[in-house]
Amino acid sequence: MTTMLNRNFLSKKRRRQIKGGGKPQWRQRRVLPGLPLTLGLSVTYLSLIVLLPLSTAFVESAGMGWREFVQAAFSPRVMAAYKLTFGVALAAALLNAVFGLLVAWVLTRYQFPGRRLIDALVDLPFALPTAVAGIALTAIYARNGWMGSWLDPLGIKVAFTPLGIGVALVFIGLPFVVRTLQPVIEELDAELEEAAAMLGASRWTTFRRVIFPLLLPALLTGFALAFARGIGEYGSVVFISGNMPGKTEIAPLLIVTNLEQYDYAGATAIAVVMLLASFLLLLAINLLQRWSRRRIGHS
Amino acid sequence: MSGFTQSHLGHSARSARRALAPSPWTKAAFIVLALAFLALFLFLPLAAVFSEALRKGWGTFVSSFNDTDALHAIKLTLLVAGIAVPLNTVFGLCASWAIAKHDFPGKNFLLTLIDLPFAISPVISGLIYVLLFGAHGWLGPWLAEHDIQIIFAVPGIILATVFVTFPFVARELIPAMQAQGNDEELAALTLGASGWQAFRRVTLPNVRWALFYGVVLCNARAMGEFGAVSVVSGHIRGETNTMPLQVEILYNEYNFVAAFAMAALLALLALATLAAKSLIEWRVASQLRADERQPDNTPLHKLAKL
């Protein structure tokens, strides 16, 4: 019967497909079209805009010779800039981890008037141009500014000191911590907290032993993102830092200074060190995010 | 026995509920502390921009824009964003179609490469273009021979801006397309649609809010970029100064009111971006609710009705 049907009612092509065990045409089109075109365009554009320009820094520094590279990338002035950049970025990211967790918790768990407006404004550092943030912070913390006129009599100087750089990096990094934590706090299973409370745990013990371990991967991811952004930050820092060599001169500024003096080798050497640090952080962030996803998946 | 268990359980459920609700004092202290932190680090700088801009009154604020250099900076910023944003939008659509709708080896690696500009200091983003196109760069001699200037000119500013805003649209579109799945497009294909029709009539309507949000973010960064543009621009007044660079020049000349007036314009752009983001979130949430109520309101059903 089947053979009859095949012979009489199906087209030659369709018969060949059934006979050869091949799937009918519409079944073979499980894959959407356009992959070669879109992937080809994407990779070409990526190579021209990102990869080719980026390779110049590495090729240029490879042509420098080891001694020249070390001299340019690790001179005392540059070392002081690295120490300042990484140290202040680390301190700012730590402060953001603490207060970012608090802000994320308050915005997700508590209801209060104006909550949605404040939640929307947390993204301000993403949207506000860094130069605008830079001059605004300088105006606030200068000796005659809103905060400066309070702090100056107390002997606390913020503008044109490392403290000022820290303030700028806290501003820039905050949304990274808050926005990484918020979805995880939202997804927390209420039953876990109920179970802990039923077993007699206090609120604080529940937070420390149940909630915090669940939030830790996301908190570390947010911290690493804020730190990574902090070490490369330029616009918001240059205005408030005062740019004194060896004291308040950050590494990205040193790259610009070298370029302005046509010292391309010096600028490139520092850039390569900073790029390698960024790539290591990017790798760490990817691993943290994988860990974070696994942790949430299990809970 | 069972009576005891019942009352015992009832008691612990009550105490559990009490333990779960934070004491009003803790809650109030947390809220006050969080708001104080946000006020100090976020709201104060925003308020300072407008307060400084209007320090000498509305008239001075408005007249600071009546300056050829300031107007040129605004025009240049619009031009740069007008080229960089469409380029990165087309790339974002291509990349998300390839990555979210298909499987191929090396997909995760490609995703990491797309994210690269986010991880790189803006200053380095500018530097690499100087190394490529500058007078001493790889293509410098060839460009000089053909009398093409890229660095310290508008093309360099556009290229640096394209680099720093590269991932924004793709980054918003990829998760949105992945969440949508391929079923609706495959159904459209079996109904006889071409690949392009499936993309335009099914995929695009499904991800339109993610696309819009990506474009808005990309535009905000394109107009506000400072570090990368500052390295390649050369700061030629009335020629290669974008709005953020104009802010810097005016500020360094102690022309604070004009600097903050231009900064206020950029801050308004940032606030508009945040407003657009909130609007999109609100639209998406209400759309999700509507779709739950009316299950046949999906783009696929609309397509079937055509």
Side-chain angles (χ1 to χ4, degrees), chain A residues 26 29-35 38-39 41-42 45-46 49-50 53-54 56-57 60 99 102-103 106 110 112 118 120-121 123-124 127-133 135-137 139-140 146 170-171 174 193-194 197-198 203 228 232 234-235 252 255-256 259 264 267-268 271 274-275 278 282 286, chain B residues 12 16 19-20 22 27 30-31 33-34 37-38 41-42 44-46 48-49 52 91 94-95 97-98 101-102 113 116-117 119-124 127-132 136 138 162-163 166 182 185 189-190 195 220 224 226-227 231 244 247-248 251 259 263 266-267 270 273-274 277-278:
Chain A
W26 62 272
R29 285 176 59 174
R30 292 298 294 175
V31 178
L32 294 173
L35 178 67
T38 52
L39 187 63
L41 278 175
S42 303
Y45 186 67
L46 175 81
I49 293 291
V50 179
L54 207 51
T56 56
E60 200 80 359
F99 281 93
L102 176 73
V103 169
V106 164
Y110 300 153
F112 53 92
I118 291 167
L121 278 174
D123 277 333
L124 182 71
L128 194 71
T130 51
V132 176
I135 62 167
L137 288 170
I140 293 170
W146 288 346
V170 169
F171 173 85
L174 180 72
E193 285 167 65
E194 281 166 21
M198 292 276 267
R203 247 341 251 168
Y234 175 72
I255 296 177
V256 174
L259 269 179
Y264 291 95
T268 310
M274 300 293 289
L275 278 175
S278 297
L282 195 66
N286 274 337
Chain B
S12 23
L20 275 176
K27 188 179 154 182
F30 278 9
I31 293 178
L33 197 59
F37 179 80
L38 289 177
F41 282 97
L42 290 194
L44 208 58
L46 187 63
V49 173
E52 294 285 333
F91 160 74
C94 277
W97 179 261
K101 301 285 181 191
H102 301 88
L113 290 183
L116 269 184
I120 293 170
S121 171
V123 169
I124 298 176
L127 167 74
I128 56 180
Y129 280 97
V130 174
L131 293 178
L132 192 58
H136 304 279
W138 292 6
V162 168
F163 181 93
F166 182 81
N182 288 3
E185 283 85 353
L189 291 184
T190 52
F226 176 72
V231 169
V247 169
E248 184 198 22
Y251 186 85
L266 287 166
T273 305
L274 295 186
K277 183 194 177 224
S278 303

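Naming: A, B, ... by sequence-line order, numbering from 1 per chain. Values below: all heavy atoms of this structure, side chains included; hydrogens, waters and symmetry mates excluded.
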If you tally heavy-atom pairs under 4.5 Å against chain A, which of B:Ser278, B:Ala270, B:Ala267 wins?
B:Ala270

Nearest 0.5 Å, please: how far is CG in B:Leu46 from CG in A:Leu121?
7.0 Å

Side chain, backbone, both or neither of A:Ile140 within contact of chain B (heavy atoms, under 4.5 Å):
side chain

Rounded to the nearest 0.5 Å, what separation is found between the CG atom of B:Leu38 and the CZ atom of A:Phe99?
10.0 Å

At a 4.5 Å cut-off on heavy atoms, which part of A:Ala133 comes close to chain B: side chain, backbone, both, or neither?
neither

Counting C-beta onward and ignoring hydrogens, is there a side-chain heavy-atom pair between B:Leu44 and A:Trp146 closer than 4.5 Å?
yes

Taking side chain as everything from C-beta outward and backbone as N, CA, C, O, which of these in B:Leu132 sits under 4.5 Å from a heavy atom of chain A? Side chain, backbone, both or neither.
both

Toward chain B, the part of A:Leu41 with a non-hydrogen atom under 4.5 Å:
side chain

Between A:Val50, A:Thr268, A:Ile255, which shows the greatest number of heavy-atom pairs under 4.5 Å with chain B?
A:Val50

Shorter than 4.5 Å, heavy atoms on both sides: which option in B:Lys101, B:His136, B:Lys27 has the most such pairs with chain A?
B:Lys27

Chain A contact via B:Pro117 - which portion, at a heavy-atom distance below 4.5 Å
side chain

How about B:Leu127 and A:Leu259: do any of their side-chain heavy atoms sit closer than 4.5 Å?
yes

Checking the side chain of B:His102 only, and the main-chain atoms of A:Leu32 only, is there a donor and an acceptor separated by less than 3.5 Å?
yes

Can you tell if the side chain of B:Phe91 reaches within under 4.5 Å of the side chain of A:Ile49, non-hydrogen atoms only?
no

Heavy-atom distance under 4.5 Å to chain A: side chain of B:Glu52, backbone, both or neither?
side chain

Close side-chain approach of B:Leu116 to A:Leu282, heavy-atom, < 4.5 Å:
yes

Quick one: closest heavy-atom pair of A:Ala127 and B:Leu274, and the distance?
CB-CD2, 4.1 Å

Nearest 0.5 Å please: distance from the CG atom of B:Leu42 over to the CD1 atom of A:Ile118.
10.0 Å

For A:Ala120, is it the side chain, the backbone, both, or neither that has a heavy atom closer than 4.5 Å to a heavy atom of chain B?
both

side-chain contact (heavy atoms from CB on, under 4.5 Å) between A:Leu102 and B:Phe37, intermediate numbers included:
CA-CA 10 Å; A:Leu102 176 73; B:Phe37 179 80; 5.9 Å; no

Below 30° counts as parallel, above 60° as perpendicular, anything between as tilted: where do the rings of A:Tyr45 and B:Phe166 land?
parallel

If you compare all heavy atoms of B:Leu189 against all heavy atoms of A:Pro33, which two are closest, and at what distance to 0.1 Å?
CD1-CD, 3.7 Å

Check whether B:Phe163 gets within reach of chain A through its side chain, its backbone, both or neither, counting any heavy atom under 4.5 Å.
both

Work out which heavy atom in B:Leu266 is nearest to a heavy atom in A:Pro129; give both atom names and the distance.
CB-CG, 3.8 Å

What pair of heavy atoms forms the shortest contact from B:Pro45 to A:Ala136, and how long is it?
O-CB, 3.5 Å

Can you tell me how far CD1 of A:Ile135 sits from OH of B:Tyr251, rounded to the nearest 0.5 angstrom?
7.0 Å

With a 4.5 angstrom heavy-atom cut-off, is it the side chain or the backbone of B:Ile31 that approaches chain A, or both, or neither?
both

Among A:Leu275, A:Val106, A:Val132, A:Thr56, which residue has the highest count of heavy-atom pairs closer than 4.5 Å to chain B?
A:Thr56

For B:Phe41, which atoms come within 4.5 Å of any heavy atom of chain A: side chain, backbone, both, or neither?
both

